[in-house]
Amino acid sequence: MKVSVIIINYNTRQLTSDCIQSVIKYTAGCTYEIILVDNASSECDPEIFSAQFPSIKLIKSTINGGFAYGNNLGIEQAVGEYILLLNSDTILQEDSIGKSVAAMEMHPEAGVLGCRMVFPDGKIQYTARRFRSISWELLDLFRFIPMLMPYKRRSRKMLGKYFSHDEPVFCDWLNGAFFLFPRKVLKELPGKKLDDRFFMYGEDQLWCEQISQLGYSCLFFPGTTIIHINSGSTDIAKQIRLRKTMMKHELKIMQLRKGKGLYYYIFKMIFTVKESTRNFIKSIIFRLTGRLMK
C-alpha cells in the first residue's frame, strides 16, 4: 500500500462524505487506503460512512481528543508507505495524491509535503510559511519595506501572503489540511507519533519544526491544487478566542525553538502587541460595519 489517507470527522457529515468521494473519484496514480477517524461525533452514527463507503477503515473514538489525537489513532491502523493527513473540508479536483507522492519521491530530502490550496471561490490560501521571528514580525508590521524588495527576494524571505504560491519552494512549515509525509519519519519523532500537546490549531507548525529538527525539509508543491473550504466562524467573539489560542500556541512553539531567553521575550512583546491590536481593530470594525476582517 502506497498511501494511507487519514480523515478526521467531528460533526461534519456532509463535508466528510464529499471529501471521501473526491479521494475515491480522482486517486489513480497510487494504491491507497482511507482511514476515517470519528472523534466522538454527536451528529450521526459514524457507521453511516461505512455503509456509504464500504472500503474505508472506520475508527470510532470514544472521546474527542483533538486533531492530533485522532490522527494518531488513524496512524496506528495505517499500512501505507506514506501517510496523508487530509482535512474533512477539502475536495480533490484531480489526482492530487498520486501527483504529490510522485513529487515527494523526487525529493528524498523532504520530510513533509503540502500542495496548493484555494478557497471555493478560487482565491489562493497562504499555505507555505516561514516561522515567525522578530525580523518577520517587524517586516510584516512595516510591510512597505518588503514591498520595496524585488518579488523574488520578498517572496522567499517572507512567504505566506507575500508569495504567489505558483512555484515549488522549501519552506519552514505547511498548512496541515493536506499533510503528506513518509512513514519512516514517524519512527524518528518523539514518542514515534505526532505530537498531540495541542488540542487543535498550531499542530502543523509544531510538527514541521520537529521534522526539520530531524534534518528534513518541508516542501510546498504547486503542481496540484485542492479546494480547502475553511469557512471559519462568523461569530466575532469565537474568532477572537480562536486567535488567542493560536497566539498562545505560537508562543509555545517559539519557546521550543529559541528557548525562554531575551530573544523570546522581545518576540513575545512585539507579537503580542501586534496581534492584540489587530484583534481589537477587528472587533471595532465588526461592531461598526458588521463585516469580519480577515
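Residue numbers start at 1 and run along the sequence shown. Source: prediction; values computed, not measured.
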Checklist entry - Is there a donor-acceptor contact under 3.5 Å from the side chain of Ser88 to the main chain of Thr16? => result no

Next on the checklist: Quick check: closest heavy atoms across Leu174 and Leu219, and the distance to 0.1 Å?
Outcome noted: CD1-O, 3.6 Å

Item to check | Val3 to Cys30 - nearest heavy-atom pair and separation | outcome: CG2-SG, 3.8 Å

Checklist entry - Side chains of Leu214 and Glu188: closer than 4.5 Å at any heavy-atom pair? => result yes

Next on the checklist: Classify the ring geometry of Phe267 against Phe271: parallel below 30°, tilted from 30° to 60°, perpendicular beyond 60°.
Outcome noted: parallel

Checklist entry - Can Lys258 be said to sit on top of Tyr263's aromatic six-ring, NZ or CZ under 6.0 Å from centre and within 45° of the ring axis? => result yes

Next on the checklist: Can you confirm whether Phe163 sits close enough to Arg156 that some side-chain heavy atom of one is under 4.5 Å from a side-chain heavy atom of the other?
Outcome noted: yes

Checklist entry - Which atom pair, heavy atoms only, marks the closest approach of Asp95 to Thr27? => result OD1-CA, 3.4 Å

Checklist entry - Between atom CZ of Arg257 and atom CD of Gln210, what is the distance when rounded to the nearest 0.5 Å? => result 12.5 Å

Checklist entry - Do you see a donor-acceptor pair shorter than 3.5 Å between the side chains of Ser17 and Gln52? => result yes

Item to check | Pair Phe179 and Trp207, ring centroids less than 6.0 Å apart | outcome: yes

Next on the checklist: Within a 6.0 Å radius of atom CZ on Arg13, are there more than 12 heavy atoms belonging to other residues, nucleotides or ligands?
Outcome noted: no

Checklist entry - Okay, side chain of Glu43, backbone of Thr12: is any donor-acceptor separation there less than 3.5 Å? => result yes

Checklist entry - Can you tell if the side chain of Thr272 reaches within under 4.5 Å of the side chain of Leu251, non-hydrogen atoms only? => result yes

Checklist entry - Is Tyr201 atom OH crowded by more than 12 heavy atoms from other residues, nucleotides or ligands, each under 6.0 Å away? => result no

Checklist entry - Which value, rounded to the nearest 0.5 Å, describes the distance between Ser61 atom OG and Asp38 atom CG? => result 8.0 Å

Checklist outcome for this item: Exactly one of Arg143, Lys274, Arg130 clears salt bridge (Lys or Arg N to Asp or Glu O under 4.0 Å) with Glu137, and that residue is Lys274

Checklist entry - Asp45 side chain to Ile48 main-chain N or O, any donor-acceptor pair under 3.5 Å? => result no

Checklist outcome for this item: Residues Leu113 and Met104: closest non-hydrogen pair is N-CE, 3.8 Å

Item to check | Charged N-O contact under 4.0 Å between Arg116 and Glu167 | outcome: no

Item to check | Check: Val79 main-chain N/O paired with Ser4 side-chain donor or acceptor under 3.5 Å | outcome: yes

Checklist entry - Is a side-chain N or O of Asp89 found less than 3.5 angstrom from the main chain of Asn230, in a donor-acceptor match? => result yes

Checklist entry - If only atom types and distance count, is the side chain of Asn71 paired as donor or acceptor with the main-chain N or O of Phe67 below 3.5 Å? => result yes

Item to check | Note: Lys25-Glu94 ion pair, threshold 4.0 Å (strictly below) | outcome: no

Checklist entry - Can you name the closest pair of heavy atoms from Cys218 and Asp172 and give their distance? => result SG-O, 3.5 Å

Checklist entry - Under 6.0 Å between the ring centres of Phe119 and His228? => result no

Item to check | Main-chain N/O of Ile97 paired with Ser100 side-chain donor or acceptor, under 3.5 Å | outcome: no

Next on the checklist: Checking salt bridge (Lys or Arg N to Asp or Glu O under 4.0 Å) between Glu81 and each of Arg183, Lys184, Lys2, which is the one that passes?
Outcome noted: Lys2

Checklist entry - Okay, side chain of Asn175, backbone of Ala177: is any donor-acceptor separation there less than 3.5 Å? => result yes

Next on the checklist: For the CD1 atom of Ile270 and the CD1 atom of Ile134, what is their distance to the nearest 0.5 Å?
Outcome noted: 5.5 Å

Next on the checklist: Ring-plane angle category for Tyr162 and Trp136, please: parallel below 30°, perpendicular beyond 60°, tilted otherwise.
Outcome noted: perpendicular

Next on the checklist: Let me confirm one number: the CD-OG1 distance from Glu250 to Thr245, rounded to the nearest 0.5 Å.
Outcome noted: 12.0 Å

Next on the checklist: Using modelled atom types and a 3.5 Å cut-off, is there a donor and acceptor pairing between side-chain atoms of Tyr264 and backbone atoms of Leu256?
Outcome noted: no

Next on the checklist: For Lys161, I'd like to know if atom NZ has over 12 heavy atoms of other residues, nucleotides or ligands within 6.0 Å.
Outcome noted: yes

Next on the checklist: For Lys57, I'd like to know if atom NZ has over 12 heavy atoms of other residues, nucleotides or ligands within 6.0 Å.
Outcome noted: yes

Next on the checklist: Are the side chains of Ile34 and Tyr32 in contact, using a 4.5 Å heavy-atom criterion?
Outcome noted: yes

Checklist entry - Minimum heavy-atom separation for Ala110 to Pro182, with atom names? => result O-CG, 4.4 Å

Next on the checklist: To the nearest 0.5 Å, what is the distance between NZ on Lys157 and CG on Leu139?
Outcome noted: 6.0 Å

Checklist entry - Do Phe49 and Phe53 have ring centroids that are under 6.0 Å from one another? => result no

Checklist entry - Should Phe220 and Arg129 count as side-chain neighbours, where that means a heavy-atom distance under 4.5 Å? => result no

Next on the checklist: Does either side chain, that of Asp18 or that of Gln14, offer a donor lying less than 3.5 Å from an acceptor on the other one?
Outcome noted: yes

Next on the checklist: Checking Glu275 against Lys244 for the salt bridge (charged side-chain N to carboxylate O under 4.0 Å, His left out) test, could you report, in this order, the C-alpha distance in whole Å, the side-chain angles of both residues, the deciding distance, and whether it holds?
Outcome noted: CA-CA 9 Å; Glu275 292 300 309; Lys244 286 181 178 178; over 6 Å; no

Checklist entry - When you measure from the side chain of Asn39 to the backbone N and O of Tyr10, does any donor-acceptor pair fall under 3.5 Å? => result no

Item to check | Side-chain H-bond candidate by donor/acceptor type, Gln205 with Glu209, under 3.5 Å | outcome: no

Next on the checklist: Working to the nearest 0.5 angstrom, can you tell me the gap between Leu58 CG and Ile35 CD1?
Outcome noted: 11.0 Å

